[in-house]
2 protein chains.
Amino acid sequence: MFHDALVSFAERREIYMQISSRFTIAIHILACIDTFKDDYKVTSDFLAGSVNVNPVVIRRLLQQLKGAGIINVIRGSGGAVIAKPLSEITMLDIYNAVDSIENGELFHFHENPNKECPVGRNIHNVLDHKLDQIQTAMENEMRSITIQEIVEETKSYIQKEL
Amino acid sequence: MFHDALVSFAERREIYMQISSRFTIAIHILACIDTFKDDYKVTSDFLAGSVNVNPVVIRRLLQQLKGAGIINVIRGSGGAVIAKPLSEITMLDIYNAVDSIENGELFHFHENPNKECPVGRNIHNVLDHKLDQIQTAMENEMRSITIQEIVEETKSYIQKEL
DNA sequence: TTTGTCGTAATCTTTATTGTTACATCTGTA
DNA sequence: TACAGATGTAACAATAAAGATTACGACAAA
């Protein structure tokens with residue numbers, strides 16, 4: 001009988017997961033780099049002004065995007081440029097690049113279900129697959145949207161303002 | 001020219017979003033209630049033992065699930081029971097019930113893009129639709145999975161142990 | 001060599017979540 | 001009707017992550 005074992009507590013240690021604003025900021029950054037590439041040197045200060053965050057936050061993101069081969073950052077003289085065709089950069093690439101969520105998992109699973117409980121020791125096995133299925137659906141949708149679309153729509157909005 | 005305006009900072013106020021462990025805990029709770037309904041009175045202490053969290057955390061979740069019409073909680077004598085057929089409870093129902101993410105939005109959008117920048121003042125319009133599209137894909141997948149499946153698979157895992 | 005910029009470490013602030021204690025309230029039962 | 005066992009919920013503490021900010025060394029072009 002596990003009933004008595006269940007009625008008790010324990011210490012825990014969990015990992016958080018969230019889709020942070022790094023994701024939308026990174027997209028914003030790429031849209032800026034492309035939009036202003038011919039007219040300005042797109043520095044971290046310039047981007048910080050458009051996004052409205054501290055330049056260091058931008059530089060950290062630029063490093064992550066560079067690490068993923070999405071952009072190049074020019075040391076010394078400054079500025080960032082896009083490293084490959086916009087049509088080949090998907091939302092998923094960016095999502096992965098900026099490490100939007102902890103260790104690639106969207107859901108925050110409670111860490112220590114009680115192994116003495118039949119449900120507690122099996123729930124992980126059951127749920128992991130389902131959670132994966134949900135996350136995959138999300139990632140597939142992300143993969144279907146390119147930065148090219150984003151930039152084109154942004155430019156069309158800007159056109160309409162004139 | 002907006003260049004000068006861009007190279008500057010500003011204060012901000014943001015809202016966090018994450019898929020908290022409340023979601024997986026709530027599923028765990030429902031699996032327990034159903035699995036043990038004939039053999040035990042499923043109290044918050046009992047559930048706390050299986051999930052391995054403080055009973056108050058469980059009670060808070062029970063209230064949220066009750067608010068969504070998913071379970072009933074018995075005051076006084078204690079215990080929780082499921083309020084409708086398991087096949088009619090989807091992962092999405094639970095996700096919504098436990099308020100897994102802030103104000104229904106999965107993505108944390110940076111709050112104050114600079115309105116003086118053509119990209120800054122349009123990025124929200126462009127992205128909102130795309131982010132919605134991604135979130136919808138995720139929610140559709142959630143809607144396709146019922147608690148019945150979860151419970152059945154859990155029971156089948158438990159069977160295999162014997 | 002000066003100037004502007006990147007790269008990055010270190011520290012602080014803010015915020016949400018979760019943990020915990022405490023206690024009023026409720027209900028079945030002795 | 002008093003008791004025992006639960007729930008309902010407020011209040012506060014502890015923990016953790018994100019993001020803000022400062023500082024400064026490294027670098028490249030003029």
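Here is the naming used below: chain letters follow the sequence lines, and residue numbers restart at 1 for every chain.
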Just compare [options] and give me whichever is closest to any side-chain atom of [X].
X: Arg60(A); options: dT20(C), dT21(D), dT7(D); answer: dT21(D)
X: Ser21(B); options: dT18(C), dG19(D), dC6(C); answer: dT18(C)
X: Val56(A); options: dT22(D), dA6(D), dG19(D); answer: dT22(D)

Do Asn114(A) side-chain atoms and Gly49(B) backbone N/O form a donor-acceptor pair below 3.5 Å? yes
Counting N and O atoms only, with roles assigned by atom type, does the side chain of Gln63(B) sit under 3.5 Å from a partner on the main chain of Arg60(B), one being a donor and the other an acceptor? no
To the nearest Å, give me how far apart [atom1] ([X]) and [atom2] ([N]) are.
X: Gln64(B); N: dG8(D); atom1: CD; atom2: C1'; value: 13 Å
X: Asp45(B); N: dT7(D); atom1: CG; atom2: C1'; value: 11 Å
X: Phe109(A); N: dT17(C); atom1: CZ; atom2: P; value: 19 Å
X: Leu47(A); N: dC6(C); atom1: CG; atom2: C1'; value: 13 Å
X: Asn72(A); N: dC6(C); atom1: CG; atom2: P; value: 14 Å
X: Lys41(B); N: dC26(C); atom1: NZ; atom2: P; value: 18 Å
X: Ile58(A); N: dT21(D); atom1: CD1; atom2: P; value: 13 Å
X: Asn54(B); N: dT7(D); atom1: CG; atom2: P; value: 13 Å

Does [N] have OP1 or OP2 sitting under 4.0 Å from an N or O in the side chain of [X]?
X: Gln63(B); N: dT9(D); value: yes
X: Ser77(A); N: dC6(C); value: no
X: Thr43(B); N: dG5(D); value: no
X: His110(A); N: dT18(C); value: no
X: Lys66(B); N: dG8(D); value: yes

Give a yes or no on whether Val42(B) and Val56(B) share a hydrophobic cluster (residues Ile, Leu, Val, Met, Phe, Trp, Tyr; joining criterion: side-chain heavy atoms under 4.5 Å apart). no
Base, sugar-phosphate, or nothing for [X], non-hydrogen atoms under 4.0 angstrom?
X: Leu62(B); answer: nothing
X: Gly76(A); answer: base
X: Val73(B); answer: sugar-phosphate

Using 30° and 60° as the class limits, which term best fits the ring planes of Phe46(B) and Tyr40(B): parallel, tilted or perpendicular? tilted
Parallel, tilted or perpendicular: ring planes of Phe109(A) versus His124(A), cut at 30 and 60 degrees: parallel
Is there a donor on the side chain of Arg59(A) or the base of dT8(C) sitting less than 3.5 Å from an acceptor on the other? yes
Go through the N and O atoms of the side chain of Arg75(B) and the base of dT25(C), and report whether any donor-acceptor pair is under 3.5 Å. yes
Of the non-hydrogen atoms in Ala97(B) and Ala68(B), which two are nearest, and what is the gap between them? CB-CB, 3.6 Å
